[in-house]
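Here's the structure we're looking at; comments come further down.
Counting begins at 1 with the first residue of the sequence.
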Amino acid sequence: MTDQLNDSYDVVVVGGGAAGLNGALMLARSRRSVVVIDAGAPRNAPAAAAHGLFARDGVPPLELLERGRAEVRQYGGQVVSGEVAAIAPATFAAEGNSEVAAATAETSAAEGDSESAPIGFVVTLADGRSVRARRILVTTGLVDELPDIPGVRERWGRDVLHCPYCHGWEVRDQVIGVLGGGPMSAHQALMFRQLSDDVTLFTHTGTLTGEQSEQLAARGIRVIKGEVTALEGDGDRIAGVRLGDGTLTPIEALVVGPRMVARADFLRSAGLEAIEHPSGMGEYIPADAVGKTAVPGIWAAGNVTDLSAQVGAAAAAGAWAGAQINGELITEETARAVEESRKLVRS
């Protein structure tokens, strides 16, 4: 990746994962000036492969990202290494970047205020660099906050996992344990029961409702009560789950429910903040069906706004948001062109 930034762009994409790169691809193919600012910390880096992705199932995550960067660059987009520290609303003088200076906010155009400054932002990086943008697409993903149990973090993305669609096939027919305590633990146990006949739910710090207990029993899922204190290993493989009373229960894979928190601290300066997700699984940035957030001009796609999105869904959301941003800019530019045309007629 290059570290060279221009002064301004039509769109700055914050985050270089599947959503960000696919959004940038759509924008670059629409001849928009676009840069992806990537901190280089992909969520799925510990995983050996990405799954459930049409025509690319099993591709190593880092290889997928490198392919995506090359495709963005192929159409004139940029990918730059860096961490965004803040985003602030700004206005731009007429002598600024021609595309930025020529644009008028859609809302201002609708109100007939041709003298209003266009929507714009200043993006400041942690190293002090800054860049201007007409629109922002936030695709920074999320952080998995794992249970503080010895052995879990060390095996995360291998035989400690959370998604049956991402890695369930790889542990099919194995002895699978599910760590309780999360809002989706019983649901996870039922999902992994589709993949193995030998599934055990360890209640850990959680409890089960009567309905959940009935469902688990009906599906032949064993329930073991007690707090889990460690995940024991045998070489490079899981050996079992150790309980507080010293009991060791053999398993071959452990399913956990991490708390998923959007990477969004830098958005506070723009008036956006992550909030608790209705599912209880973590925190996210709310956005509508096309990716618009509560702040005009800032869009979001992928795991930063959809905690459960897999790679394919995140990529699709990024593409959709990119197309919608391009459409909004076209509307804005057309409104300005009409206003300028009317001025010429009046003169």
Side-chain angles (χ1 to χ4, degrees), residues 43-53 56-62 64 144-206 208 212-260 281 307-313:
R43 178 193 183 195
N44 59 359
H51 293 287
L53 185 60
R56 281 288 181 267
D57 185 77
V59 64
L62 298 184
L64 185 67
D144 292 299
E145 295 182 349
L146 297 171
D148 188 18
I149 297 173
V152 168
R153 182 167 297 280
E154 294 82 354
R155 299 178 182 279
W156 175 242
R158 295 185 293 157
D159 43 15
V160 174
L161 45 113
H162 80 287
C163 174
Y165 300 109
C166 299
H167 306 293
W169 174 265
E170 283 63 43
V171 297
R172 67 193 185 282
D173 297 327
Q174 293 185 19
V175 181
I176 300 174
V178 179
L179 184 69
M184 304 296 288
S185 299
H187 177 69
Q188 285 180 303
L190 292 169
M191 295 291 285
F192 277 87
R193 176 62 180 81
Q194 175 66 23
L195 298 159
S196 173
D197 293 336
D198 195 337
V199 177
T200 299
L201 174 64
F202 299 90
T203 59
H204 188 44
T205 59
L208 296 171
Q212 288 171 332
S213 296
E214 183 180 28
Q215 291 173 340
L216 296 171
R219 292 290 286 150
I221 298 170
R222 186 167 54 148
V223 174
I224 296 181
K225 296 181 179 180
E227 187 171 351
V228 173
T229 57
L231 184 60
E232 302 287 347
D234 181 10
D236 195 41
R237 297 295 304 170
I238 290 178
V241 167
R242 181 78 65 182
L243 298 180
D245 62 6
T247 303
L248 180 68
T249 302
I251 62 169
E252 296 175 283
L254 181 68
V255 178
V256 302
R259 179 171 169 78
M260 298 177 282
M281 295 190 298
L307 299 181
S308 63
Q310 292 179 263
V311 173

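Taken from NZ in K225 to CG in L201, the straight-line distance is 11.0 Å, to the nearest 0.5 Å. Taking OG of S196 as the start and CD1 of I221 as the end, the distance is 10.0 Å to the nearest 0.5 Å. Atom NE2 of H187 and atom CZ of F192 lie 10.0 Å apart (nearest 0.5 Å). For the atom pair E154 CD and I238 CD1, the distance stands at 11.0 Å (nearest 0.5 Å). Distance check, rounded to the nearest 0.5 Å: CD of E252 to CG of D234 gives 11.0 Å. Between the CG atom in D236 and the CZ atom in R158 there is a gap of 4.5 Å [rounded to 0.5 Å].
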Next on the checklist: Show, in sequence, the C-alpha distance, side-chain angles and deciding distance for Y165 and Q310, and conclude whether the side chain to side chain contact (heavy atoms under 4.5 Å, CB included) test is met.
Outcome noted: CA-CA 8 Å; Y165 300 109; Q310 292 179 263; 3.5 Å; yes
Item to check | Steps toward side chain to side chain contact (heavy atoms under 4.5 Å, CB included) verdict (L216, L190) | outcome: CA-CA 7 Å; L216 296 171; L190 292 169; 4.2 Å; yes
Next on the checklist: Run D159 and V171 through side chain to side chain contact (heavy atoms under 4.5 Å, CB included) and show every step you take.
Outcome noted: CA-CA 8 Å; D159 43 15; V171 297; 5.8 Å; no
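Inter-residue side-chain proximity for V255 and V199 is flagged as unmet; no heavy-atom pair is nearer than 4.5 Å. A 4.5 Å side-chain heavy-atom check between Q215 and R193 finds every atom pair outside the cut-off. Contact annotation: the side chain of L231 approaches that of I251 to within less than 4.5 Å [non-hydrogen atoms, C-beta and beyond].
The shortest heavy-atom contact between L195 and W169 is CD2-N, 4.4 Å. Taking each heavy atom of V178 and S185 in turn, the nearest pair found is CG1-O, 3.7 Å. Nearest approach of D57 to G52, heavy atoms of both residues: OD1-N, 2.8 Å. Of all non-hydrogen atoms in H167 and A49, the two that sit nearest each other are CE1-O, 3.6 Å. Scanning both residues, V175 and P250, for their nearest heavy atoms gives CG1-O, 3.6 Å.
Contacts of H162 classified as ring-ring contact (aromatic ring centres under 6.0 Å, His included), with partners at least two apart in sequence or in another chain: W156. Listed by chain and number, the residues in a salt bridge (charged side-chain N to carboxylate O under 4.0 Å, His left out) with E232 are R242 (sequence neighbours excluded).
Under a cut-off of 6.0 angstrom, the local environment of CD in Q194 is sparse, with at most 12 non-hydrogen atoms contributed by other residues, nucleotides or ligands. No more than 12 heavy atoms of other residues, nucleotides or ligands shown are found within 6.0 angstrom of CZ on R222. Applying the 6.0 Å contact sphere to CG of D148 captures no more than 12 heavy atoms from other residues, nucleotides or ligands. For R259, the CZ atom sits in a packed shell: over 12 heavy atoms of surrounding residues, nucleotides or ligands are nearer than 6.0 Å.
Among I224, L243, V256, L179, the single residue meeting the side-chain contact (heavy atoms from CB on, under 4.5 Å) criterion with H204 is L179.
In this structure a side-chain-to-backbone donor-acceptor pair under 3.5 Å is missing from D144 to L146.
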